[in-house]
Amino acid sequence: MAVQRIHLLGVPVDICRPEDLEPAILELLAKPGTKQIVFLSLWNLLKARKQNDYAECVRNADLVLPVSKSILKGARYLKLAVPVRYNPFTAVISILSVLDSHYKSLYMLGSRKEMLQVAERNLHATFPRLQIVGRYVGYYSKYVEKDVVQAIYKSSPSLALLCDGIREKDSWVFHRRNQFSSSIFLYYRDAIGIFSERIKRVKESTFEHGNEIWVEILHNPFKIFLFFPYLHYNLLLLWTKIRNRKK
């Protein structure tokens with residue numbers, strides 16, 4: 001796999017250039033067992049520095065793609081190799097395009113029934129060679145958990161795409177990694193919402209300038225308090241740089 005892994009504040013981050021994404025996905029498909037791709041935001045990077053299940057999930061992920069501009073700035077500040085930042089939606093489209101061109105399969109888990117149905121129709125129209133082998137709604141009862149896991153195991157999709165309605169998010173896969181045969185798992189909260197045209201995706205220009213946080217704050221003003229973990233992140237970078245100079 002033409003992917004380089006760095007560690008930023010002790011958290012793994014992969015450098016996967018867009019031209020290397022297809023061979024990286026094909027290599028993952030060829031590997032046996034459960035594989036996982038994680039989209040890493042700044043807030044999740046800070047969470048992954050702690051001793052918790054999410055940190056273990058990120059450390060064991062096969063591909064960790066940064067989605068926050070601050071992660072790139074942090075790597076540059078510490079004079080590490082600088083990773084490529086991915087727009088999660090664009091990355092999902094690229095991955096689905098790879099699967100489509102190689103006649104692979106998809107399982108969708110999450111969201112609401114109506115949105116799943118619309119998303120499936122739209123995906124069929126966009127990726128005609130991609131076989132959708134199953135889907136199940138999110139927010140499901142714990143009593144059907146075994147049935148959901150068994151359905152994914154039996155269908156053995158090339159990619160299982162998880163979205164809203166999966167309470168454990170990325171960690172859902174990590175906790176059940178030994179219950180599947182050979183699939184790639186990817187959690188992206190807004191995937192089905194965007195595919196069903198119920199959620200508007202962030203404009204590419206907004207994402208490129210790193211201004212997507214302001215869109216989130218407009219929808220949820222309480223996210224203005226994310227300033228404090230952002231400040232904490234910058235202090236960690238400064239302390240790490242000072243410590244590295246002393247060595």
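Position 1 is the first residue of the sequence; numbering continues from there. The shown structure was predicted, so the numbers you read here are calculated from the model rather than taken from an experiment. All values below come from the heavy atoms of this structure, side chains included, with hydrogens, waters and symmetry mates left out.
The main-chain N or O of P157 is found under 3.5 Å from a side-chain atom of S183 such that the two form a donor-acceptor pair. A donor-acceptor contact shorter than 3.5 Å is absent between the side chain of T126 and the backbone of L123. Judged purely by atom type and a 3.5 angstrom limit, D100 has no side-chain atom pairing as donor or acceptor with the backbone of L96. Without hydrogens or angle criteria, D190 side chain to G193 main chain gives no donor-acceptor distance under 3.5 Å. A donor-acceptor pair under 3.5 Å is formed between the side chain of N60 and the backbone N or O of E56. A distance-only check finds no donor-acceptor pair linking the side chain of D14 to the backbone of C16 [under 3.5 Å]. Checking side-chain atoms of N234 against main-chain N and O of Y230 turns up a donor-acceptor pair under 3.5 Å. Under the 3.5 Å distance criterion, the side-chain polar atoms of H232 are left unmatched by any main-chain donor or acceptor of F228. In terms of modelled atom types and a separation under 3.5 Å, the side chain of T34 and the main chain of R177 share a donor-acceptor contact.
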CA sep, side-chain torsions, deciding dist, call: L21, V98, side chain to side chain contact (heavy atoms under 4.5 Å, CB included): CA-CA 9 Å; L21 184 60; V98 173; 5.7 Å; no
Quick one: do S68 and S41 satisfy side-chain hydrogen bond (donor to acceptor under 3.5 Å, both in side chains)? Show the steps, please. CA-CA 5 Å; S68 294; S41 67; 4.8 Å; no
Trace of the side chain to side chain contact (heavy atoms under 4.5 Å, CB included) decision for L99 with F127: CA-CA 9 Å; L99 299 179; F127 304 102; over 6 Å; no
R85 and I71: CA distance, side-chain angles, deciding distance, side chain to side chain contact (heavy atoms under 4.5 Å, CB included) verdict: CA-CA 8 Å; R85 179 176 177 237; I71 293 178; over 6 Å; no
Taking it one step at a time, do E22 and S101 satisfy side chain to side chain contact (heavy atoms under 4.5 Å, CB included)? CA-CA 10 Å; E22 180 170 1; S101 64; 4.3 Å; yes
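Annotation: side chain of L116 is not in contact with side chain of S196 (no heavy-atom distance under 4.5 Å). No side-chain heavy atom of I184 sits under 4.5 Å from any side-chain heavy atom of Q36. Looking at heavy atoms from C-beta onward, R189 lies out of side-chain contact with C163 at the 4.5 angstrom threshold. In this structure, L78 and T240 have side chains that are in contact, with non-hydrogen atoms separated by less than 4.5 Å. Under the 4.5 Å side-chain criterion, counting only non-hydrogen atoms from C-beta, L159 is not in contact with I25. Residues L26 and H102 have side chains in contact (heavy-atom distance under 4.5 Å, counting atoms from C-beta outward). A 4.5 Å side-chain heavy-atom check between V118 and E197 finds every atom pair outside the cut-off. Using a 4.5 Å cut-off on side-chain heavy atoms (C-beta onward), V92 and L186 make contact.
Surrounding NZ of K241 are more than 12 heavy atoms belonging to other residues, nucleotides or ligands, all under 6.0 Å away. Heavy atoms of other residues, nucleotides or ligands lying less than 6.0 angstrom from OH of Y77 number more than 12. Atom CZ of R129 has more than 12 heavy atoms from other residues, nucleotides or ligands within 6.0 Å.
Remark: R135 CZ to L106 CG distance equals 11.5 Å, nearest 0.5 Å. With rounding to the nearest 0.5 Å, the separation of CG in N122 from CD in Q117 is 12.0 Å. One distance of note links NZ of K169 with SG of C57; it measures 12.5 Å at 0.5 Å rounding. Atom CD1 of I152 and atom OG of S181 lie 10.0 Å apart (nearest 0.5 Å). With values rounded to the nearest 0.5 angstrom, L236 atom CG is found 9.0 Å from Y233 atom OH.
Between A81 and I6, the shortest heavy-atom contact is O-CD1, 3.3 Å. Residues V137 and L109 come closest through the heavy atom pair O-CD1, 4.0 Å. Of all heavy-atom pairs spanning S182 and P32, the tightest one is OG-CA, 4.0 Å. The minimum heavy-atom distance linking D53 with H175 is given by the pair OD2-NE2, 2.9 Å. When all heavy atoms of P23 and E19 are compared, the closest pair comes out as CD-O, 3.8 Å. The shortest non-hydrogen separation linking V3 to A24 is CG2-CB, 4.1 Å.
In the hydrophobic cluster analysis, where Ile, Leu, Val, Met, Phe, Trp and Tyr join through side-chain heavy atoms closer than 4.5 angstrom, Y143 is grouped apart from I166. Follow the hydrophobic side-chain contacts under 4.5 Å out from F174 and you never reach V64; the two are in separate clusters. Residues W239 and L45 do not share a hydrophobic cluster, defined by chaining ILVMFWY side chains whose heavy atoms lie under 4.5 Å apart. Taking hydrophobic clusters as Ile, Leu, Val, Met, Phe, Trp and Tyr residues chained together by side-chain heavy-atom distances below 4.5 Å, Y103 does not share a cluster with L28. Put simply, Y107 and I132 are part of the same group of oily side chains (I, L, V, M, F, W, Y) that touch within less than 4.5 Å, one to the next.
Under the rule for a side-chain contact (heavy atoms from CB on, under 4.5 Å), the partners of V84 that lie at least two apart in sequence or sit in another chain are R17, P18, Y86.
Taking the six-membered ring for Trp and the full ring otherwise, F89 and F195 have centroids separated by under 6.0 Å. Aromatic ring centres of F180 and F185: separated by under 6.0 Å.
For the salt bridge (Lys or Arg N to Asp or Glu O under 4.0 Å) condition, no pair includes a residue of residues 39-48, sequence neighbours left out. Among residue pairs with one or both ends in residues 137-166, those qualifying as salt bridge (Lys or Arg N to Asp or Glu O under 4.0 Å) are E145-R176; sequence neighbours excluded.
Ion pairing between a basic and an acidic side chain is recognised when a charged N comes within 4.0 Å of a carboxylate O; K35 and D62 show no such pairing.
Geometrically, R112 engages Y139 in a cation-pi contact defined by less than 6.0 Å to the ring centre and at most 45° from the axis.
Aromatic ring pairs are classed by plane angle as parallel below 30°, tilted from 30° to 60° and perpendicular above 60°; the pair Y140 and Y136 is perpendicular.
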